[in-house]
**Student:** 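This structure is in structure tokens; I'll ask about it shortly.
Here is how names work: the chains are called A, B, and so on, in the same order as the sequence lines, proteins then strands, and each is numbered from 1.
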Number of protein chains: 2
Amino acid sequence: MLRLSKKVEYGLVALQHLAKRGGVSTVREISDENGISYDLLAKILQELKRNGMICSYQGVRGGYTLMLAPQEISITRVVDALETDNSLTECTSSSECCSREEACTIKGPMRELQTAMSSLMNSVTIAQLL
Amino acid sequence: MLRLSKKVEYGLVALQHLAKRGGVSTVREISDENGISYDLLAKILQELKRNGMICSYQGVRGGYTLMLAPQEISITRVVDALETDNSLTECTSSSECCSREEACTIKGPMRELQTAMSSLMNSVTIAQLL
DNA sequence: ATATATCGGACTGTTTCAGTCTTGTATGCT
DNA sequence: AGCATACAAGACTGAAACAGTCCGATATAT
Ligand code: SF4
Ligand code: SF4
């Protein structure tokens, strides 16, 4: 399953929305305009906030706003924040370790491929979505 | 979950093994030498055969052998053969369709990213694993 | 004939995904 | 002060995919 989760897709849509508007947007606003489940999107925005990409204002007239310039937010960062396993293989992740890691004959090339993919995703930012 | 399945990893290991040996190898041989489950690997090699990457010989002294030159087998091809969903998003796949596809504001950029990733994986072949 | 090896499909426990629901907290407005 | 608004946090669910196993069938060299 070499596929981005819906969380990442919705996260990107939300960030794009915030970048386009500039000001404060509520979860309801973003979810309605983009046809995304309110509850799901709410959780996603909370995670993005914890990561430091956006900041929140509680209470009446509250909502979310971007904390960084769109061109400073790469796809990689969004994926890192929202995806559970974001490395191509276990051995290209820092926190995991594969049982057959020392016997594995493709570990090296996999690392290279991972690096290439990461730098590719690093080169695309929210600014490119506008 | 932006991760290659174990099937793909084992498939790559098996193809690398066949490329290194040159001749005929049995499933048992490959699974033993690489510490991969026999049953699982057997199914993987059957799929690779159906795809036309390798050919099989049944019966005593049978086994599998490469049908193509190592540099002709790209990672993309292996992923396509073994992975169920191999596109970054639903909309970058030919057979699937996303419900919010016409309203989606990130569809275009996602396609571009998919293209870039595909060409990256297309440029890596079994020959690079040797 | 028989041992060897692929072929094909059913089956299982575990994990992840996508989405929902509920309860709590902060805050602007009247 | 009180209320409506909007974020905060976590539990919970059904469905799907993953990784692996098991078993019976078929083909073939010796
Ligand atoms: S060591 Fe080999 S088998 Fe293990 S995760 Fe890395 S590539 Fe996959
Ligand atoms: S259309 Fe948008 S939401 Fe649907 S799969 Fe493509 S990117 Fe994801």
**Student:** Does OP1 or OP2 of dC7(C) have a side-chain N or O of Arg50(B) closer than 4.0 Å?
**Tutor:** no
**Student:** Without decimals, in angstroms, what is the distance between Leu40(A) CG and dC17(C) C1'?
**Tutor:** 10 Å
**Student:** When the distance from CD1 of Ile44(A) to P of dG10(D) is rounded to whole Å, what number comes out?
**Tutor:** 17 Å
**Student:** When you measure from the side chain of Gln58(A), which nucleotide among dT16(C), dA17(D), dT25(C) comes out closest?
**Tutor:** dT25(C)
**Student:** Closest approach to the side chain of Ser37(A), judged atom by atom: which nucleotide of dT20(C), dA29(D), dC7(C) is it?
**Tutor:** dT20(C)
**Student:** Which nucleotide, dC17(C), dA29(D), dG8(C), lies nearest any side-chain atom of Val60(B)?
**Tutor:** dA29(D)
**Student:** Nearest to the side chain of Asp39(B), which nucleotide is it out of dA5(C), dC22(D), dC17(C)?
**Tutor:** dC22(D)
**Student:** Thr125(B) vs Glu72(B), test: side chain to side chain donor-acceptor pair (under 3.5 Å). Steps then yes/no.
**Tutor:** CA-CA 7 Å; Thr125(B) 70; Glu72(B) 288 178 310; over 6 Å; no
**Student:** From C-beta outward on Thr84(B), which listed nucleotide comes closest to its side chain: dC7(D), dC18(D), dA8(D)?
**Tutor:** dC18(D)
**Student:** Arg3(A) near the nucleic acid: base, sugar-phosphate alone, or nothing, with a heavy-atom cut-off under 4.0 Å?
**Tutor:** nothing
**Student:** Rounded off to whole Å, could you give me the CG-to-C1' distance for the Asp85(A) and dC17(C) pair?
**Tutor:** 12 Å
**Student:** What's Lys43(A) touching, base or sugar-phosphate or nothing? Going by heavy atoms closer than 4.0 Å.
**Tutor:** base
**Student:** Contact class for Tyr10(B) (heavy atom, under 4.0 Å): base, sugar-phosphate, or nothing?
**Tutor:** sugar-phosphate
**Student:** Can you tell me the distance, in whole Å, between the CG atom of Asn86(B) and the P atom of dC18(D)?
**Tutor:** 11 Å
**Student:** To the nearest Å, give me how far apart CD (Gln46(B)) and C1' (dA5(C)) are.
**Tutor:** 11 Å
**Student:** Would a distance-only check, ignoring hydrogens and angles, find a side-chain to backbone donor-acceptor pair under 3.5 Å from Arg77(B) to Asn51(B)?
**Tutor:** yes
**Student:** If you check the Arg61(B) side chain, which of dT30(D), dT6(C), dC22(D) turns out closest?
**Tutor:** dT30(D)
**Student:** Return yes if a side-chain donor-acceptor contact under 3.5 Å exists between Ser118(B) and Gln114(B), otherwise no.
**Tutor:** yes
**Student:** Start at the 5' end of DNA chain D and walk down; is the nucleotide closest to Lys7(B) or to Tyr64(A) reached first?
**Tutor:** Tyr64(A)
**Student:** Counting distance only, does the side-chain N/O of Thr76(A) pair as donor-acceptor with the main-chain N or O of Asn122(A) below 3.5 Å?
**Tutor:** yes
**Student:** Verify whether one side chain among Arg3(B) and Thr89(A) offers a donor that lies under 3.5 Å from an acceptor in the other.
**Tutor:** no
**Student:** So, does Ser56(B) get its side chain near the phosphate of dC7(C), meaning an N or O under 4.0 Å from OP1 or OP2?
**Tutor:** yes
**Student:** Indicate whether the side chain of Ser5(A) and that of Glu83(A) have a donor and an acceptor atom separated by less than 3.5 Å.
**Tutor:** yes
**Student:** Can you check the Glu9(A) CD to dC17(C) P distance for me, whole Å?
**Tutor:** 13 Å
**Student:** Between C1' on dT4(C) and OH on Tyr57(B), what's the gap in Å once rounded to a whole number?
**Tutor:** 17 Å
**Student:** If I take atom CG in residue Leu41(A) and atom C1' in nucleotide dT20(C), what distance separates them, rounded to the nearest angstrom?
**Tutor:** 14 Å
**Student:** Among the nucleotides dA8(D), dG19(C), dA9(D), which one has an atom lying closest to any side-chain atom of Lys6(A)?
**Tutor:** dG19(C)
